[in-house]
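Remarks on the structure that follows.
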Amino acid sequence: MSEPGIRSISGKVAVVTGAGSGMGRAIAALFASEGARVAATDRDASGLEGDATWELDVSDAMSVTRVVDDIVARLGPIDILVNNAGVSIPSPIGADDYWRAWETTIAVNLTGYVRMIRACEPHLAREPGGRIVNIASTEGLGATPYISPYTVSKHGVVGLTRSLACELGPLGTTVNCICPGPIRTGMTELIPDDAKERFARRRVPLRRYGLPEEVAHMVLNLALPASSYVNGAIVAVDGGLTAKLG
């Protein structure tokens, strides 16, 4: 295909949630460098960068509606939605605080994604070419003990992606999902470096943690006009972790 702009998101309006740090910040920065009009949102606005930023708690229905309406009024109709906002609250099934961990995690990591899609979908579907990229995790493809709320939420994101790829595909909107493996973000910064190194050497064929920018580039690829036939894909960005048996 040789149409002009097939490898460009220049001029597109892109919403990135959880853009205050880690992968979200890297995605927002990359999209901006590629000429997109980026609406960067985060529950903690202090980490946001760029000219168009919004404080947003994706678990709050009224906040989602208000912010999306404001983004459209300021930047124009939305072309790309990157659902990235997330939390991880470790909690064994029998812990006293399990239900708090469950409710908070599902509200942000899964229900929040649905809220954003519902708010943005009329704009994405106004013409063929809308893009939704959901950030899940390799926890959506497997499981780790003591974080079942997180694991369940990420399995839910994978299922949501597949279902909406079928539902929104006829409208010309693609819905895809990225499952990052061990990435150097705020969620992993408390893990000691020596523990990171041991894990990576044992479990990851590339023998290292990934960088947020490496995830961001895959998100960009799925958002490009050239990726118009990629729909319902679940892409692991994990250095080969999920390909390795043991």
Side-chain angles (χ1 to χ4, degrees), residues 1-18 24 27-28 30-31 34-39 41 56 58-59 61 64-65 67-73 75-86 106 108-137 140-141 152-180 215-237:
M1 300 177 71
S2 58
E3 293 91 335
I6 201 73
R7 295 287 302 174
S8 173
I9 59 169
S10 181
K12 301 288 187 181
V13 175
V15 178
V16 182
T17 68
I27 294 164
L30 178 61
F31 275 36
E34 293 290 322
R37 304 175 70 189
V38 178
T41 77
L56 172 62
V58 297
S59 69
V64 167
T65 299
V67 169
V68 169
D69 286 348
D70 197 36
I71 290 169
V72 173
L75 300 181
I78 296 161
D79 302 295
I80 302 164
L81 168 64
V82 181
N83 269 321
N84 169 75
I106 297 299
V108 174
N109 292 9
L110 184 54
T111 306
Y113 280 33
V114 176
R115 292 192 193 284
M116 289 301 299
I117 292 170
R118 282 174 55 86
C120 295
E121 190 273 336
H123 306 285
L124 296 165
R126 72 189 186 278
E127 58 185 32
R131 297 283 183 270
I132 298 171
V133 182
N134 295 322
I135 307 299
S137 165
L141 305 173
V152 169
S153 73
K154 295 306 184 180
H155 274 74
V157 170
V158 170
L160 178 69
T161 298
R162 287 174 168 152
S163 182
L164 293 185
C166 299
E167 183 174 336
L168 301 182
L171 303 176
T173 299
T174 66
V175 188
N176 294 293
C177 178
I178 290 178
C179 292
V215 176
H217 278 279
M218 182 55 70
V219 176
L220 173 62
N221 283 331
L222 293 175
L224 291 171
S227 296
S228 57
Y229 204 58
V230 182
N231 189 34
I234 312 300
V235 183
V237 181

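Everything quoted here is computed from the prediction, not taken from an experiment.
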> Checking side chain to side chain contact (heavy atoms under 4.5 Å, CB included) for the pair V38/V13: CA distance, chi angles, key distance, verdict?
Replying inline: CA-CA 6 Å; V38 178; V13 175; over 6 Å; no
> Just by modelled atom types, is the G169 backbone N or O under 3.5 Å from a matching donor or acceptor in the N231 side chain?
Replying inline: no
> If you take all heavy atoms of A136 and P180, which pair is closest and at what distance?
Replying inline: O-CD, 3.5 Å
>> I'd like to know if the side chain of R126 and the backbone of H123 have a donor-acceptor N/O pair within less than 3.5 Å.
In response: yes
>> Do I106 and T111 make a side-chain contact, defined as non-hydrogen atoms from C-beta onward lying under 4.5 Å apart?
In response: yes
>> Could you measure the distance from the SG atom of C177 to the NZ atom of K154? Nearest 0.5 Å is fine.
In response: 8.0 Å
> For the residue pair S153 and N109, what are the closest heavy atoms and their distance?
Replying inline: OG-ND2, 3.2 Å
>> Can you give me the closest heavy-atom contact between A61 and R115, atom names plus distance?
In response: CB-NH1, 3.2 Å
> So do T174 and V133 actually touch side chain to side chain, heavy atoms under 4.5 Å?
Replying inline: no
> Under 4.5 Å between any side-chain heavy atoms of C179 and I234, yes or no?
Replying inline: yes
> How close do G156 and L110 get, heavy atom to heavy atom, and via which atoms?
Replying inline: C-CD1, 3.6 Å
> How long is the gap from CD on E34 to OG on S8, to the nearest 0.5 Å?
Replying inline: 7.0 Å
>> Please check: side-chain N/O of R37 versus main-chain N/O of G11, any donor-acceptor pairing under 3.5 Å?
In response: no
> Taking the side chain as C-beta and beyond, is there a heavy-atom pair between L168 and E121 under 4.5 Å?
Replying inline: yes
>> Could you check whether any side-chain heavy atom of T17 comes within less than 4.5 Å of a side-chain heavy atom of V82, counting everything from C-beta outward?
In response: no
>> I'd like to know if the side chain of Y113 reaches the main chain of V108, judged simply by a donor and an acceptor atom lying under 3.5 Å from each other, with no hydrogens or angles considered.
In response: no
>> For F31 versus I80, what's the shortest heavy-atom pair and its separation?
In response: CE2-CG2, 3.9 Å
> side chain to side chain donor-acceptor pair (under 3.5 Å) between T161 and N134: does it pass, once the steps are laid out?
Replying inline: CA-CA 7 Å; T161 298; N134 295 322; 3.0 Å; yes
> Under 4.5 Å between any side-chain heavy atoms of V64 and M116, yes or no?
Replying inline: yes
>> I'd like to know whether R131 forms a side chain to side chain contact (heavy atoms under 4.5 Å, CB included) with T173, so could you lay out the CA-CA distance, the side-chain angles of the two residues, the decisive distance to 0.1 Å, and finally the verdict.
In response: CA-CA 6 Å; R131 297 283 183 270; T173 299; over 6 Å; no
> When you look at L164 and E167, which way does the side chain to side chain contact (heavy atoms under 4.5 Å, CB included) test go after all the steps?
Replying inline: CA-CA 5 Å; L164 293 185; E167 183 174 336; 3.6 Å; yes
> Of all residues at least two apart in sequence or in a different chain, which pass the salt bridge (charged side-chain N to carboxylate O under 4.0 Å, His left out) check with R118?
Replying inline: none
>> Are the side chains of V16 and L81 in contact, using a 4.5 Å heavy-atom criterion?
In response: no
> For I132, does its backbone N or O pair with a side-chain atom of N83 as donor and acceptor, under 3.5 Å?
Replying inline: no
> Is N176 reaching over with its side chain to a backbone N or O of G232, donor-acceptor style, under 3.5 angstrom?
Replying inline: yes
> Can you check whether I135's main-chain N or O pairs, donor with acceptor, with N84's side chain at less than 3.5 Å?
Replying inline: no
> Where do V114 and L160 land on the side chain to side chain contact (heavy atoms under 4.5 Å, CB included) test, with the steps shown first?
Replying inline: CA-CA 8 Å; V114 176; L160 178 69; 3.9 Å; yes
> Atom CG of L224 and atom NZ of K12: how far apart are they, to the nearest 0.5 Å?
Replying inline: 10.5 Å
> Nearest heavy-atom pair of P170 and C166: which atoms, and what distance?
Replying inline: CD-O, 3.3 Å
> Taking side chain as C-beta onward, heavy atoms only, is L124 less than 4.5 Å from I78?
Replying inline: yes
